Peer 1: 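Please find one structure pasted underneath; my questions will follow.
Order of the sequence lines fixes the chain letters, A, B, ..., with proteins taken first and strands second; residue numbering starts at 1 for each chain. Because the structure is a prediction, the values reported are computed rather than measured.
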Protein chains: 2
Amino acid sequence: MGTVSKALDLLDYFTRSRPLIGLSDLARLSALNKATCFRLLTELADHGLVEQVGIGREYRLGPSLLRLAALREAQVPTREAAMPVLQALALQSGETAHLSLLMADVLRPLAHAYSSAHVTKVTMEDAEELPFHATSSGLAVLAFQPDAFRDAILNRPLPHLTHHTETNPTTLRARIQEVRGLGYAESRGGFESDVHSMAVPLFDALGRCSGALAVAALGSRMTEAQRRLIRFALIKAGTEITTIWGGSLPADIATLWRLAA
Amino acid sequence: MGTVSKALDLLDYFTRSRPLIGLSDLARLSALNKATCFRLLTELADHGLVEQVGIGREYRLGPSLLRLAALREAQVPTREAAMPVLQALALQSGETAHLSLLMADVLRPLAHAYSSAHVTKVTMEDAEELPFHATSSGLAVLAFQPDAFRDAILNRPLPHLTHHTETNPTTLRARIQEVRGLGYAESRGGFESDVHSMAVPLFDALGRCSGALAVAALGSRMTEAQRRLIRFALIKAGTEITTIWGGSLPADIATLWRLAA
DNA sequence: ACCGTCGGTTCAAATATCAAACCGAAGGCT
DNA sequence: AGCCTTCGGTTTGATATTTGAACCGACGGT
């Protein structure tokens, strides 16, 4: 692994639940030498990607990220453009809606919107990464990736997260094939017990499936009528976001979704 | 310079006016070997900090930046929290308002808001960096930095940008001292001819001056009455943003601003 | 068919990383 | 107070990685 990767890996240790990390902690977390870790952090800090909160204190993500992200959004409007649709989806479905993006080879939640229809809801603040095999978003995205990518994902170890997690690559391939045939994906408690979710793929201006849009609800609320309603709302919202992104649906999906509307 | 710095420097070559860069171009721009540049880009791409638009095509900033920026904003609300105040400032002043942040050792514009009061306005899209010595924001920030930082900035070469740019370190020190005494900074055509701007420092929760708030107008519109109005609006908005950020004003500035209100 | 340039790859020579030990300062515990 | 641990940060010399120049094959223009 290259030096740059080591440095960039450090950034991923900062999460919502662990926003501040000291040098020694980070060295332990990353299994890097403390001296190396220090040098990497210093270089990251020189560019404003991390900053130190005090003098001789912990590190946190830095302000340059805001600027780079704003630049990215200016060129490829992604998050801001999708937010209104995401909020409408949460409102219509009465459940938690979230949007995930494929970042290199991991799927990460980027934005979410809650409904106030129920006091019990699926929260998204804690999720850092959505496993492909155990979430509806993951399956939706995987169904529209090149074979090599899908194979690479399915060939690495697939952790059991709940007792409902499907981890058999062959079964998963079949489920993914099914997703292509239906135009949406579904997961029942594969990521978190009691959470039932449905997702549709999103396509960007390059024609790639670069993310997924999902609605997650408590399993107990997922009646047949509710599933129909969510599927309908997802397809509508998915079409909108793909359009806003300047993307276009694969022909078969376009047909499927048109019929569902 | 370390490997990581070289990689991170690459990110700064992407701008609003040059959002897509090919490998060879970037190698030339950065004066890096093409092989090195390629490897660095590949590592950046593996983490989603850049991405390739097609196959064997140009690179652009990647989606992971959105996620990291969202994480930073979640921990240290900066941009989103200041936007409403910034917009109100543009409205009140009838001119372009902008907010800049100190990122490591450079001052960069982070957000701006326009007024529709005049069809001629100062635009901010193109500015990538605000030179400390030639902008009101730069002077405002510099006035509240540790001596070592100020000295480091003033000791490096200070480019002439217009025929009004002040580049004499001694004179600049005096102007900075003046800024501390007034509680705001002013610049007349030092960055761009015909642009007259005023700025106040902003303070974060760590007590540092980590940015500046400015109003920039065509020099011809900067009447004495207008300057008074803008100074008043800036002080009000600056107080608000510092408060929102959980920061507090240095005692002398708090007094100055209270008297001005 | 030629030329220049593109993105990407290869292999000695130069440079950065590693592990371990060390430093002064700060905080907890007895 | 005194002791002990941990903190952020620095140094060392052996080792592994990065570097840079030349080199591909492919593409587009002439």
Peer 1: Rounded to the nearest angstrom, tell me the gap between atom CD in B:Glu51 and atom P in C:dG7.
Peer 2: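 For the pair B:Glu51 CD and C:dG7 P, the rounded distance is 16 Å.
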Peer 1: Report yes if at least one side-chain N or O of B:Tyr59 is closer than 4.0 Å to OP1 or OP2 of C:dG8; otherwise report no.
Peer 2: yes
Peer 1: Can you list the steps and then say if A:Thr167 with A:Thr165 is a side chain to side chain donor-acceptor pair (under 3.5 Å)?
Peer 2: CA-CA 6 Å; A:Thr167 57; A:Thr165 309; over 6 Å; no
Peer 1: I want to confirm an ordering. Mapping A:Thr42 and B:Ala35 to their closest nucleotides on DNA chain D, which one lands closer to the 5' end?
Peer 2: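 Between the two, 5'-proximity favours A:Thr42.
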Peer 1: Test B:Thr135 against B:Ser137 for side chain to side chain donor-acceptor pair (under 3.5 Å), laying out the working first.
Peer 2: CA-CA 5 Å; B:Thr135 62; B:Ser137 297; 5.1 Å; no
Peer 1: Does OP1 or OP2 of D:dT18 have a side-chain N or O of A:Lys6 closer than 4.0 Å?
Peer 2: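 Negative; the distance criterion is not met.
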Peer 1: Does B:Thr36 make a side-chain N or O approach to OP1 or OP2 of D:dG20 shorter than 4.0 Å?
Peer 2: yes
Peer 1: Report the distance from atom CD of A:Glu58 to atom P of D:dC7, rounded to the nearest whole Å.
Peer 2: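 Checked: the CD to P distance equals 10 Å.
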Peer 1: Between C:dA16 and B:Thr3, is there an OP1 or OP2 to side-chain N/O distance shorter than 4.0 Å?
Peer 2: no
Peer 1: What is the distance, to the nearest angstrom, from the CG atom on A:Asn33 to the P atom on C:dC18?
Peer 2: 6 Å
Peer 1: For A:Glu43 and D:dT18, give me the distance from atom CD to atom P, rounded to whole Å.
Peer 2: 13 Å
Peer 1: Between atom CG in B:Leu32 and atom C1' in D:dT19, what is the gap in whole Å?
Peer 2: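 It is 10 Å, rounded to the nearest whole Å.
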Peer 1: Take A:Asp25 and B:Leu40, find for each the nucleotide of DNA chain D with the closest heavy atom, and name the residue whose nucleotide sits nearer the 5' end.
Peer 2: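 Looking at the nearest nucleotide for each, A:Asp25 comes out on the 5' side.
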Peer 1: Rounded to whole angstrom units, what separation is found between the CD atom of A:Gln52 and the C1' atom of D:dC7?
Peer 2: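 My rounded result for the distance is 12 Å.
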Peer 1: Should A:His47 and A:Leu68 count as side-chain neighbours, where that means a heavy-atom distance under 4.5 Å?
Peer 2: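 Not in contact.
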Peer 1: Counting just side-chain N and O atoms, does B:Lys34 come under 4.0 Å of either OP1 or OP2 of D:dC23?
Peer 2: no
Peer 1: Does the side chain of A:Arg16 come within less than 4.5 Å of B:Leu71's, by heavy atoms?
Peer 2: yes
Peer 1: For A:Leu23 and D:dT6, give me the distance from atom CG to atom P, rounded to whole Å.
Peer 2: 15 Å
Peer 1: Please check the phosphate of C:dG7 (OP1 and OP2 only) for any side-chain N or O of B:Ser24 closer than 4.0 Å.
Peer 2: yes
Peer 1: So, does B:Arg39 get its side chain near the phosphate of C:dT10, meaning an N or O under 4.0 Å from OP1 or OP2?
Peer 2: no
Peer 1: Nearest whole angstrom, please: distance from the P of C:dG8 to the CZ of B:Phe38.
Peer 2: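 Those two atoms, CZ and P, are 5 Å apart.
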